[in-house]
Amino acid sequence: MKLLFVIISKEDVDQVISGLNKEGFRATKIASSGGFLKKKNVTLMIGVQDDQMNAVIDIVKGICHERQTVEVNMPIFFPNGMNEASFSGYPETVEVGGAIIFAVDVSHYEKI
Ligand code: 2BA
């Protein structure tokens, strides 16, 4: 059995969960946020049999928006003695959209 952690944007979550449920997969939705951009995102925990993992990945692939390159104002690092007034942030391009998927082996599963 595998436990998938699927990190997606909030805009895609309803569609992904209904796509999963339609195919008989269950998911737990956890509110999360990215450590880099500090924007809210969603992490889904999905437990599946090993041979079902690719079907779940295909559902996510079919729904999550394509990756886009966007320009963002990065969080500011303040060197010693400097504060917000010293900097106004700096633009950087990052890729957003799509999904990040981790799969881990489950050593035990039980429903009580
Ligand atoms: P964030 O950490 O807010 O990252 C948002 C996007 O910023 C990333 O998109 C990536 O394009 C860029 N980015 C992140 N860290 C960077 C860095 N150190 N330098 C340059 N650009 C950077 P994604 O890669 O699609 O990640 C989307 C979200 O998925 C992340 O939000 C984070 O919440 C999660 N994530 C991605 N990789 C992860 C990992 N290895 N472990 C845990 N969570 C991860």
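Position 1 is the first residue of the sequence, and the numbers go up from there. Start at 1 and go down the list; that is how both ligands and their atoms are numbered.
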Counting both backbone and side chain atoms, is some N or O of [X] under 3.5 Å from an N or O of ligand 1?
{"X": "Phe36", "value": "yes"}
{"X": "Phe102", "value": "no"}
{"X": "Glu95", "value": "yes"}

Checklist entry - At their closest point, which heavy atom of Ile46 faces which heavy atom of Leu20, and how far apart are they? => result CD1-CD1, 3.7 Å

Checklist entry - How close do Gly98 and Cys64 get, heavy atom to heavy atom, and via which atoms? => result O-CB, 3.6 Å

Checklist entry - Is there a donor-acceptor contact under 3.5 Å linking the side chains of Ser9 and Asn41? => result no

May I ask you to identify the nearest protein heavy atom to [atom], giving residue, atom name and distance to one decimal place in Å?
{"atom": "atom 32 (C) of ligand 1", "answer": "Gly34 CA, 4.0 Å"}
{"atom": "atom 26 (O) of ligand 1", "answer": "Ile100 CG1, 3.7 Å"}
{"atom": "atom 34 (C) of ligand 1", "answer": "Ile7 CD1, 3.5 Å"}
{"atom": "atom 28 (C) of ligand 1", "answer": "Asn41 ND2, 3.9 Å"}

Checklist entry - Tell me, do Asp50 and Gln52 make a side-chain contact under 4.5 Å, heavy atoms counted? => result no

Next on the checklist: Contact between Ile7 and Val42 at the side-chain level, heavy atoms closer than 4.5 Å - yes or no?
Outcome noted: no

Checklist entry - What do you reckon, does Gly98 put a non-hydrogen atom under 4.0 Å from ligand 1? => result no

Checklist entry - So is Val96 in contact with ligand 1, going by heavy-atom distances below 4.0 Å? => result no

Next on the checklist: The test is side-chain contact (heavy atoms from CB on, under 4.5 Å); show your working for Val6 and Phe102 and say whether it passes.
Outcome noted: CA-CA 6 Å; Val6 179; Phe102 298 96; over 6 Å; no

Checklist entry - In Å and rounded to the nearest 0.5 Å, what is the CZ to CE distance from Arg26 to Met45? => result 13.0 Å

Checklist entry - At a 4.0 Å threshold, what atoms of ligand 1 neighbour a non-hydrogen atom of Arg67? => result 25 (O)

Checklist entry - Given that the side chain starts at C-beta and the backbone is N, CA, C, O, which of these parts of Lys39 lies under 4.0 Å from ligand 1, counting heavy atoms, or is it both or neither? => result neither

Next on the checklist: Heavy-atom distances under 4.0 Å decide this one: backbone, side chain, both or neither, for Leu37 against ligand 1?
Outcome noted: both

Checklist entry - Has Gln68 got more than 12 heavy atoms of other residues, nucleotides or ligands less than 6.0 Å from its CD? => result no

